[in-house]
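What follows is a set of notes on a single structure, which appears directly below.
Proteins come first, then strands; the chains are lettered A, B, ... in the order of their sequence lines, and each starts at number 1.
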There are 2 protein chains.
Amino acid sequence: MAPQLDSYFKQVDDLSDHFIERLRKAVAIPSISAEDERRPEVVRMGQFLADELKALGAEVEQRPLGIQPGKTDLELPPVVIARYGNDKKKRTILVYGHYDVQPAGKEDGWATEPFELTVDDKGRMYGRGSTDDKGPVLGWLNAIEAHQKAGVEFPVNLLMCFEGMEEYGSEGLDDFINVEAKKYFADADAVCISDNYWLGTEKPCLTYGLRGCSYYSVEISGPGQDLHSGVFGGTAQEPMTDLVRVLGTLVDTNGKIQIPGLAELVAPLTEEEKSLYGDIAFTMDNLYESLGSKTSIHPDKEKTLMARWRYPSLSVHGIEGAFSQPGAKTVIPAKVIGKFSIRTVPNMEPADVDRLVFKYVNDEFKKLGSKNKMSCTLQHAGKWWVASPKHWNFSAAGKAVERVWGVKPDLTREGGSIPVTLTFEQAIGKNVLLLPMGSSTDAAHSINEKLDKRNYIEGIKLLGAYLHYAAEEEMV
Amino acid sequence: MAPQLDSYFKQVDDLSDHFIERLRKAVAIPSISAEDERRPEVVRMGQFLADELKALGAEVEQRPLGIQPGKTDLELPPVVIARYGNDKKKRTILVYGHYDVQPAGKEDGWATEPFELTVDDKGRMYGRGSTDDKGPVLGWLNAIEAHQKAGVEFPVNLLMCFEGMEEYGSEGLDDFINVEAKKYFADADAVCISDNYWLGTEKPCLTYGLRGCSYYSVEISGPGQDLHSGVFGGTAQEPMTDLVRVLGTLVDTNGKIQIPGLAELVAPLTEEEKSLYGDIAFTMDNLYESLGSKTSIHPDKEKTLMARWRYPSLSVHGIEGAFSQPGAKTVIPAKVIGKFSIRTVPNMEPADVDRLVFKYVNDEFKKLGSKNKMSCTLQHAGKWWVASPKHWNFSAAGKAVERVWGVKPDLTREGGSIPVTLTFEQAIGKNVLLLPMGSSTDAAHSINEKLDKRNYIEGIKLLGAYLHYAAEEEMV
């Protein structure tokens, strides 16, 4: 029997101004995890969440994670964990979100004050953290409150895990999750993360796959110190000359990776999978809009989505140690470090990728006949993730989307990685669902980040509805 | 008749402690022209020089150069100009030096405090500006004082031009020289600049040529803003991919410039010129020592010196707009600007070099088939300079070197540019001589800059002796 949700939905609508006020308060706290001097604000944001949760009747703990690695006395912000409901007859859903935000300042080009929620006449709510990830995190709290005020029984036990270092590599979180998997999180039946975005602006989606990322450095050095190009130009082999030549062999303008053997690691495209892409609500105009240009590689949406989701890509990010400022400096850098990464997909094993990359870069460097020293190393690797979208966790979310938005969601994957997803799956051993609230134009990590009021309010309904369907959905 | 110099030389020796004290006072003033907040120190250093010159009986003026270009209210430090002697029967020699220094801080890795002159047991006097260029500038003042105390008549009228912005592009100086060429500097018969270095550590040299420098930017842009490689990797053409491919086509590991037509602009090597290189006091070990490695291009000294002095070279300096910090950032930069420069030699006309560079870079970019936008522009060009080493100005200096050091100096060129050299030659219309005081190991612009006590004291003798020979040398 379909859950009775009308009175819950009406209550969400009635409380919408109150929920926007809650988001306004959260956005006003500049909880920037990457800036040491803002750490007290991150801690304050964690406290705000804990206080709100306590007021709603949840059991809350703020768990310390110790000193931040590489710092002498900077405490990591606590993980806020909470439980709402402890009824053995109900399913238990573990949700994750983060309460820290990316850096932001008016001087970066924001049209509004980044830490003042500013709602325009189209209902776009601008502010740092509005969509990433304070809106979705508060979505869970708002869902609890609307149930209470509507007098609707909460359908599941809700476990919550909200961290404050997501935008700085989730320092300390993996260890915490691995320990708590068998303790605080022990009775979780499924996991739901709301920290990604719709593919476009109109159609909701459920996300069941993420690419991995293997990040490499190529360090080339020769002279004992930086040299002046007037004095040494023409007489010394220059590391930068070698580096741009090596980096130039990795990938071509149309994204074709030049490393032999890499393409053979990729899972072949089946006819069944191929047929899925045509129905996805995505157009080349969506791509052009988000790119801010028409400098795309592929001519159609199917190839574009496959390139983003199910094929690897290689990007050259930059060079450390060379002259990178505006102006003109005639330096011959003594040591330069090129950075590139490969987005990985099933069935690329990170160790195989490393082996092929190291061999290729070494071979290409040898071809130069240089006396400089070169070493290629892995900086970090995060593995790709693919879940089963046929699990009850996904079908529950699919029904909730149909109920709230009136359409079947697209089943999508993402080109980027959300490492905590794989951590939860491996530690908890249960299905993980990515259930986004915001849309593709929300500009997370950019200036003028926003969350549409419609996505926020309907998103609160969606999160609540998902919990009702998750409570009832039959296992398959 | 050879000048009578013995009593002058003895006086220099007797005053050596006093002259080192003068250098100590000058080094103690951190006159860093590149750091706005140090501007008062630069001005203080100009005042110190002016006071010392006045005390020696010179006429001194401090000429303002106005507001620094690009700043709203930062005054350029004054040019200190001075005249010592105004005897129409004597020749007039114009000397140039600079009283500003490169940035320096203990935290950069200095073994001693950079603004405290520290003399070790081998007579190496460490300190920022010791060799570049406070030692040589004070050399002229010390020469005046030693003449006075020895009771030896000063052989020439000495015009001095000491600037305070050399390490920051000599802002405002060209216009000043062009105006004063027919006024304050009108009676100069020759110019001498002591602001470069011996080729090695044992044999003095006179320098008669400098390479020019044409500095280029290659800007490639596509997306409207920086992109996340997870989301867009594989679907967008990446400016950085294009840029490393273009930069990789410019020059090979052994310094061979790949731009067609460029080599044809270079003046052919004559047998006479070729024969000069064998005698120069320079060894491959000198090169390895200054390089701090054996990553050289050429196997012998002749080819090395020719590559440094009389052939062009191309260096890639870095990339602006890409990720250049330590760590790992998965950005696809939206706009990247590659920087490279070509050291130019006779007879390369800068306009011809530009034309060939622009055509080549455009052609190479077109080959990529990219939709990104590329533009290649000249940032600045400074022309090469070659003087006649047969001029009396050089033969006078050659005799002075023989007298002080007991050897004939090497006649050298330099790979780098000293733009003011060409400015003086063109504005004054007289022969310009580069007469270095310091040696190749002095580490100007690096940490642990030093001037050997021997080079300083014998250098003071040399500057004075040069003026005596310049007073008597017959015109050829």
Should the heavy atoms of other residues, nucleotides or ligands under 6.0 Å from NZ of B/K303 be counted, would the total exceed 12?
no
Side chain from CB out, backbone as N, CA, C, O: work out which of these in B/K373 comes under 4.5 Å of a heavy atom of chain A, or both, or neither.
neither
Return the minimal non-hydrogen interatomic distance between B/R308 and A/F232, and the atom names on each side.
NH2-CE2, 4.0 Å
Would you say that B/Q325 contacts A/S324 through its side chain, given a criterion of any heavy-atom pair below 4.5 Å between the two side chains?
no
Does some side-chain heavy atom of A/D252 sit less than 4.5 Å from a side-chain heavy atom of B/R245?
yes
Out of curiosity, B/Q237 CD to A/L291 CG, how far, rounded to the nearest 0.5 Å?
10.0 Å
Considering all heavy atoms of both residues, which atom of B/G234 and which atom of A/A307 are nearest to each other, and what is their separation?
O-CB, 3.3 Å
Taking all heavy atoms of B/K371 and all of A/T295, pick out the closest pair and write down the distance.
O-CG2, 3.6 Å
For residues A/Q379 and B/A328, report the shortest heavy-atom separation together with the two atoms involved.
OE1-CB, 3.5 Å
Is it true that, when you exclude B/Y277 itself, more than 12 heavy atoms of the residues, nucleotides or ligands shown sit nearer than 6.0 Å to its OH?
yes
Closer than 3.5 angstrom, by distance alone: can the side chain of A/H317 be matched with the main-chain N or O of B/M240 as a donor-acceptor pair?
no
Atom of B/E238, atom of A/V316 and distance for their closest heavy-atom approach
OE1-N, 4.0 Å
Would you say the side-chain atoms of A/S315 and B/S229 include a donor-acceptor pair closer than 3.5 Å?
no
Say you draw a straight line from OG of A/S446 to NE2 of B/H228; how long is it, rounded to the nearest 0.5 Å?
10.5 Å
Here the pair of heavy atoms bringing B/A322 nearest to A/G318 is CB-CA, 3.7 Å
Please round to the nearest 0.5 Å and tell me the distance separating atom CG of B/D226 and atom NE2 of A/H445.
13.0 Å
d(A/K367 NZ, B/T253 OG1) to nearest 0.5 Å is 13.0 Å
Whatever's closer than 4.5 Å to a heavy atom in chain A on B/P326 counts as both
Heavy-atom distances under 4.5 Å only: say whether B/Y311 touches chain A with side chain, backbone, both or neither.
neither
Does B/Q225 reach the main-chain N or O of A/S290 with its side chain, forming a donor-acceptor pair under 3.5 Å?
yes
